[in-house]
Amino acid sequence: MKILLVSMPSIHFSRWTAQLRDAGHEVHWFDILNGGYNKDLEWITQHTNWRYRFGGFRGRIFLKRHLPGIHQLLEKNVEIEFERIIKEIRPDVVHSFVMYKCCVPIFPVMQRYPEIKWIYSSWGSDLYHFKNLPVYREDIEMVLPHIDYLITDNQRDHKIAQELGFKNKFLGSFPGGGGFHLDELEAYVNSVSDRNIILVKGYQGRSGRAIPVLKALNQLNEELKEFQIVIFGADTEVLNYLETLNIPKNWTVRAKLGHLEVLKMMGEAKLYIGNSLSDGMPNTLLEAIIMGAFPIQSNPGGATAEIIENRTNGLLIEDAENTEEIKKLILSVITYDSLINKAFDINQELKYSLGFNLIKEQVLKAYNQIEKEL
């Protein structure tokens, strides 16, 4: 089967695509953001560097900021370029990852080629958040009835998609970046007794709510003095907030960490706290589970509760804005070692359901199901 993937470049997309390697399909990628060649995906045909009439010339960002009219003249049209690729490779299937960037811009082209099957992968806040914004919702309701196959990263979004007009085949719910190479990560999973880090995802921005977590931790300085508080991925809003604090000596800010570095840190953390107003199945939550960090995670729309049973293998934050609730949750677990130990054992068994080979097998079955229906 000839598959044309339409996506922005990201580590999760690269990990997902790795599942298709040596699976017998001819795989192409249209980089919707024109981000350039991806060395991690050298085994697929990459359609990148398409956006500008004279290639990736220097000074593009300057023109976009200061001379937008000239910049626009030098840009090629996404719709025209995508259709050129369609005509060139004649795919059996187009697989779009996320709605607004990778479905909506190519919708007119897909309408002209109804014989090509269309898969849509919903990730993160793709449906849960944007359905509440009228302009985005209009686009979602325009596209979903024309999607042939749906993949989500949680069960919640299948129901939302149906409510918004999806009426065809649901292929299943899978981690957005595919499964994890558990054997390669085992060496980084420390025993519970060797852990004294509280790891916090430092996103605020549109949906992230790290600041209520940081407020809760700051109010618990005395109770948490034996722990190292590590804030990773801190964005500008979080960094600005931290400047207003007299940061305790046991706090560390790691604004930028590579993916493997995050996983290693998860393997050293006693608690992991992730908090947001909107998300799908958080990849960092899955990483906390496989690396043995006790997860305290927000639960927008009930997605997190699909894998975390409250007070069994983690804790659920039901009000992402409520510092007092978050403070009580942290206090309830740091003084309750038996809960942390029990959750560790449960999650170390649960992680095998997230292994690369198992998820890959399920994903390839979904693709093969489409091939049989062509």
Side-chain angles (χ1 to χ4, degrees), residues 189-204 207-233 238 241-242 245 247-252 262 265-279 281-351:
V189 179
N190 291 356
S191 65
V192 175
S193 59
D194 291 333
R195 298 168 182 245
N196 76 327
I197 292 173
I198 296 176
L199 188 61
V200 181
K201 188 172 184 178
Y203 290 1
Q204 186 71 15
S207 298
R209 286 300 177 267
I211 290 176
V213 175
L214 298 178
K215 287 180 179 178
L217 292 169
N218 195 42
Q219 292 171 22
L220 294 172
N221 279 332
E222 184 60 28
E223 293 87 344
L224 301 177
K225 63 184 178 183
E226 301 301 321
F227 289 90
Q228 293 295 313
I229 312 298
V230 179
I231 303 147
F232 76 97
V238 167
Y241 172 73
L242 289 171
L245 299 181
I247 298 178
K249 292 181 179 179
N250 61 329
W251 285 36
T252 304
V262 172
M265 191 71 73
M266 291 282 192
E268 298 174 359
K270 197 156 197 173
L271 308 183
Y272 163 71
I273 309 175
N275 191 36
S276 65
L277 294 173
S278 177
D279 205 345
M281 182 61 70
N283 286 289
T284 44
L285 168 63
L286 301 182
E287 290 161 1
I289 287 171
I290 66 172
M291 299 307 293
F294 183 91
I296 302 176
Q297 179 72 50
S298 52
N299 186 36
T304 302
E306 294 174 18
I307 196 166
I308 295 296
E309 182 179 348
N310 199 36
R311 299 203 68 79
T312 299
N313 67 324
L315 292 175
L316 298 175
I317 300 170
E318 295 299 350
D319 184 353
E321 304 272 20
N322 191 329
T323 294
E324 282 302 311
E325 178 193 340
I326 296 166
K327 189 164 71 170
K328 288 176 182 176
L329 290 174
I330 295 168
L331 277 174
S332 75
V333 70
I334 61 167
T335 56
Y336 193 13
D337 282 347
S338 59
L339 175 57
I340 294 177
N341 288 317
K342 176 185 174 184
F344 179 87
D345 292 339
I346 292 170
N347 288 335
Q348 287 301 288
E349 286 298 318
L350 178 60
K351 73 179 183 182

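Everything numeric in this text was worked out from a predicted model, so none of it was measured.
For Thr335, the side chain to side chain contact (heavy atoms under 4.5 Å, CB included) criterion is met by no residue, not counting sequence neighbours. Contacts of Glu222 classified as salt bridge (Lys or Arg N to Asp or Glu O under 4.0 Å), with partners at least two apart in sequence or in another chain: Lys225.
Looking at Ile307 and Leu350, their side chains come closer than 4.5 Å, going by heavy atoms from C-beta outward. Lys327 has its side chain out of reach of Pro212: every pair of non-hydrogen atoms, C-beta onward, lies at least 4.5 Å apart. Residues Leu285 and Ile308 have side chains in contact (heavy-atom distance under 4.5 Å, counting atoms from C-beta outward). Side-chain contact between Leu315 and Asn310: present, with at least one pair of heavy atoms (C-beta onward) separated by less than 4.5 Å. Residues Ser298 and Thr304 have side chains not in contact (no heavy-atom distance under 4.5 Å, counting atoms from C-beta outward). In this structure, Glu223 and Ile330 have side chains that are not in contact, with every pair of non-hydrogen atoms separated by 4.5 Å or more. Side chains of Phe344 and Val189 form a contact here, defined as non-hydrogen atoms less than 4.5 Å apart.
Under the 3.5 Å distance criterion, the side-chain polar atoms of Asn341 are left unmatched by any main-chain donor or acceptor of Val192. Using modelled atom types, no side-chain atom of Gln228 and backbone atom of Trp251 make a donor-acceptor pair closer than 3.5 Å. The backbone N or O of Leu214 lies less than 3.5 Å from no partner atom in the side chain of Asn218, so there is not a single donor-acceptor pair. Of the possible polar contacts, one joining the Arg195 side chain to the Met266 backbone as a donor-acceptor pair under 3.5 Å is found. Side-chain atoms of Asn299 come within 3.5 Å of backbone N or O of Ala305 as a donor-acceptor pair. With Gln204 contributing its side chain and Ala210 its backbone, the two residues share a donor-acceptor pair below 3.5 Å. Without hydrogens or angle criteria, Asn250 side chain to Leu224 main chain gives a donor-acceptor distance under 3.5 Å.
Separation of atoms CG (Leu329) and CD (Gln297) is listed at 12.0 Å; rounding is to 0.5 Å. Going from atom CG of Asp319 over to atom CG of Leu277 covers 8.5 Å, rounded to the nearest 0.5 Å. Atoms CG and CD1, on Leu220 and Ile229 in that order, are 9.0 Å from each other to the nearest 0.5 Å. Rounding to the nearest 0.5 Å places CG of Asn221 at 9.5 Å from CD of Gln219. Of the inter-residue distances, the one linking Gln348 atom CD with Met291 atom CE reads 8.5 Å to the nearest 0.5 angstrom. Interatomic distance, CD of Glu321 versus CD1 of Ile211, reported as 10.0 Å (0.5 Å rounding).
Here Lys328 does not pair with Glu325 in a salt bridge; the nearest charged N to carboxylate O distance is not below 4.0 Å.
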Can you give me every donor-acceptor pair (side chain of residues 268-276, partner residue at least two apart or in another chain, under 3.5 Å) with its distance?
| residue | atom | partner | partner atom | Å |
| --- | --- | --- | --- | --- |
| Tyr272 | OH | Thr284 | OG1 | 3.0 |
| Asn275 | ND2 | Arg209 | O | 2.8 |
| Asn275 | ND2 | Ala320 | O | 2.8 |
| Ser276 | OG | Ser278 | O | 3.4 |

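For Phe227, the CZ atom sits in a packed shell: over 12 heavy atoms of surrounding residues, nucleotides or ligands are nearer than 6.0 Å.
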